[in-house]
Amino acid sequence: VSNDFDVLIIGGGPSGSAAALQSRRAGLRAALIEREAFPRHRPGETLHPAVEPLLERLGAAGLLVSANFLRHEGNWVKWQEGLKFVPFGRDARGRWRGFQAWRAVFDELLLNRAREAGTHILQPCAALKCLFDGGRVRGVFTSQGKMQAGWVIDASGPRHWLANQLGIEIEKHSPRLVVRYGYARGECPSRDEAPAIVGDDSGWTWTAKVLPGLYQWTRLSWDGATVSRSWLPTEFERLTPAGPARRADVTWRMVAEPAGAGYFIAGDAAAVLDPASSHGVLKGIMSAMMAAHTISTIVRQQQDEGTGAGEYSRWLKDWFTTDVANLRKIYAALPSPPAWVAHQ
Ligand SMILES: Cc1cc2nc3c(=O)[nH]c(=O)nc-3n(C[C@H](O)[C@H](O)[C@H](O)COP(=O)(O)OP(=O)(O)OC[C@H]3O[C@@H](n4cnc5c(N)ncnc54)[C@H](O)[C@@H]3O)c2cc1C
């Protein structure tokens, strides 16, 4: 089997583009396939300030700033007591500020950066079936034909494409959790400076201004209560729903083996937490960078494959376990914690 590429990446979200940029920086021949034509919609606009230095390391410095996204210095939080402002912090250069990165724009800009850096990109092109050679992942049958590579990085998002192909278990760390989310048009001055997360007896509600005149909300109810298609949080009552409420499965989960013979899994494809942890994009970029870095040490410095895959898996598992423990602590601090946290 000849290798056309050192690494083949599935998915052109932030994780896939970060994997491609990191691979290119290490001098690897990288290809990426993305199923959807861009721009395409994705929830998850609020980016932690730490995304910016990561993008700098990927050679995409200034991408967030040049896009002119709205910025915020922290979040409003109402959990045990009254609403209070929690800033991100500051350093010698001033206050840290997050971004409201409209994902249709952000994801396309990042993918374009990966293309400019020399990634071979096929789009729209879907991964259909995994290609094996002697028990090792060797590429993918795609909607545009067979693609082979030394390594495959799955960055296909929360449906866990490669784990399902390989029959890898997806370990659940919470009961089934489904968030409802949506958008509203108009003006809500109380939300203009910073997003807010407000806990209550049966869950929490997140609200944020994501574009001029456009606001986003996310609602998680422990009791599984659904909201009507036109529901809006109280503070958005004067706004007009922009499209129906949507839903997403945010059950806390992680694939049992995030790396193995010929493959690495990164971003949401590897692990998902509900968005109260709110760093999905940051974690996706970091895990993708780590996956591509590990592959480059295997390819360029002849690191043992099994050791590299094992180290990556342990790193991701430790990180996920810590996040789960922290999220449990946060939920346990609510006046009426969900039964599955209170009983622990
Ligand atoms: C309601 C909600 C609110 C959220 N809010 C935030 C937030 O405020 N901040 C934050 O940081 N995170 C947030 N998140 C999480 C964030 O959306 C994800 O963590 C992030 O999108 C993960 O990026 P990714 O690149 O791993 O996956 P994705 O963004 O899902 O990208 C995966 C890509 O792979 C492509 N793909 C899938 N299957 C195939 C295939 N077979 N072949 C080829 N391509 C394929 C898809 O088309 C997609 O473009 C939120 C999530 C939800 C549900």
Side-chain angles (χ1 to χ4, degrees), residues 8-20 31-51 54 69 72 75 98-104 106-108 110-111 114 121-130 140-144 147 152-165 177-183 195-197 204-210 216-220 245-251 253 255 258 265-289 291 323:
L8 169 60
I9 299 147
I10 305 166
S15 308
S17 293
L32 183 151
I33 58 173
E34 165 55 51
R35 182 172 59 182
E36 293 184 41
F38 279 10
R40 59 100 174 86
H41 178 74
R42 262 284 172 297
E45 295 85 5
T46 307
L47 303 191
H48 189 272
V51 170
L54 285 182
F69 293 128
H72 57 292
N75 298 310
F99 296 86
Q100 296 296 341
W102 187 244
R103 292 284 305 277
F106 175 64
D107 290 15
E108 188 169 29
L110 203 55
L111 188 61
I121 295 176
L122 293 180
Q123 182 187 26
C125 176
L128 301 177
K129 203 164 175 295
C130 204
V140 170
F141 291 103
T142 79
S143 51
Q144 295 195 28
M147 292 184 76
V152 169
I153 297 180
D154 180 24
S156 64
R159 298 222 172 123
H160 314 289
W161 185 82
L162 190 60
N164 289 329
Q165 286 280 312
L177 296 176
V178 176
V179 286
R180 317 280 153 170
Y181 69 96
Y183 297 84
I197 186 161
W204 54 258
T205 304
W206 164 267
T207 48
K209 181 175 187 174
V210 290
Q216 196 268 5
W217 59 267
T218 301
R219 169 80 198 158
L220 177 58
R246 302 169 215 206
R247 39 190 284 154
D249 181 347
V250 295
T251 305
R253 57 195 190 267
V255 297
I265 307 179
D268 274 17
V272 172
L273 285 170
D274 76 62
S277 64
S278 109
H279 300 332
V281 171
L282 176 71
K283 288 174 194 162
I285 291 175
M286 283 184 78
S287 59
M289 287 171 72
D323 280 351

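Counting convention: from 1, in listed order, for ligands and their atoms alike. As a basis for the values below, the full set of heavy atoms in this structure was taken, side chains included, without hydrogen atoms, waters or symmetry mates.
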At less than 4.0 angstrom from any non-hydrogen atom of [X], what atoms of ligand 1 do you find?
| X | answer |
| --- | --- |
| Gly267 | 26 (O) |
| His279 | 11 (O) |
| Trp161 | 41 (N) |
| Gly13 | 25 (O), 31 (O), 33 (C) |
| Tyr181 | 1 (C) |
| Gly280 | 10 (C), 11 (O), 12 (N), 19 (O) |
| Pro158 | 30 (O) |
| Arg42 | 28 (P), 29 (O), 30 (O), 46 (C), 48 (C) |

[atom1] of [X] to [atom2] of [Y]: how many Å apart, nearest 0.5 Å?
| X | Y | atom1 | atom2 | value |
| --- | --- | --- | --- | --- |
| Leu162 | Asp154 | CG | CG | 5.0 Å |
| Arg246 | Thr218 | CZ | OG1 | 11.0 Å |
| Leu47 | Ile285 | CG | CD1 | 7.0 Å |
| Leu32 | Leu122 | CG | CG | 8.5 Å |
| Trp217 | Arg180 | CH2 | CZ | 8.5 Å |
| Ile33 | Leu8 | CD1 | CG | 5.5 Å |

How does [X] reach ligand 1, if at all, at less than 4.0 Å between non-hydrogen atoms: by side chain, backbone, both, or neither?
| X | result |
| --- | --- |
| Thr142 | neither |
| Ala155 | backbone |
| Cys125 | backbone |
| Ser156 | both |

Given [options], which has its nearest heavy atom closest to [atom]?
| atom | options | value |
| --- | --- | --- |
| atom 23 (O) of ligand 1 | Pro43, Ser15, Ala126 | Ser15 |
| atom 51 (C) of ligand 1 | Ala269, Pro275, Pro195 | Pro275 |
| atom 27 (O) of ligand 1 | Ala270, Ser17, Ala276, Gly157 | Gly157 |

Side-chain donor or acceptor of Ser143 paired with backbone N/O of Ala126 under 3.5 Å: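 Yes, Ser143 side chain to Ala126 backbone: donor-acceptor pair under 3.5 Å.
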
Would you check whether [X] reaches within less than 4.0 Å of ligand 1, judged by its heavy atoms?
| X | value |
| --- | --- |
| His48 | no |
| Gly44 | yes |
| Lys283 | no |

Answer yes when Lys283 and Asp323 have at least one side-chain N-carboxylate O distance shorter than 4.0 Å, and no when they do not.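 Looking at Asp323 together with Lys283, the answer is yes, because their closest N to O distance falls below 4.0 Å.
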
Looking at Arg40 and Asp107, is there a salt bridge between them, counting it only when a charged N and a carboxylate O are closer than 4.0 Å? yes

Examine [X] against ligand 1 and note whether any of their N/O atoms are separated by less than 3.5 Å.
| X | answer |
| --- | --- |
| Gly16 | no |
| Arg103 | yes |
| Thr218 | no |
| Arg40 | yes |
| Ala248 | no |

Going by salt bridge (charged side-chain N to carboxylate O under 4.0 Å, His left out), name the residues that satisfy it together with Arg35, two or more places apart in sequence or in a different chain.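 Per chain and number, Arg35 pairs via salt bridge (charged side-chain N to carboxylate O under 4.0 Å, His left out) with no residue.
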
Name all residues meeting the salt bridge (charged side-chain N to carboxylate O under 4.0 Å, His left out) criterion together with Arg219; count only those two or more places apart in sequence or in a different chain, and write none if there are none. Asp200

Are Phe99 and Thr46 packed together at the side-chain level, in the sense that at least one heavy-atom pair is separated by less than 4.5 angstrom? no

Would you please classify the geometry between the His41 ring and the Trp102 ring as parallel, tilted or perpendicular, with 30° and 60° separating the classes? tilted

Show your reasoning for whether side chain to side chain donor-acceptor pair (under 3.5 Å) applies to Thr207 and Gln216. CA-CA 6 Å; Thr207 48; Gln216 196 268 5; over 6 Å; no

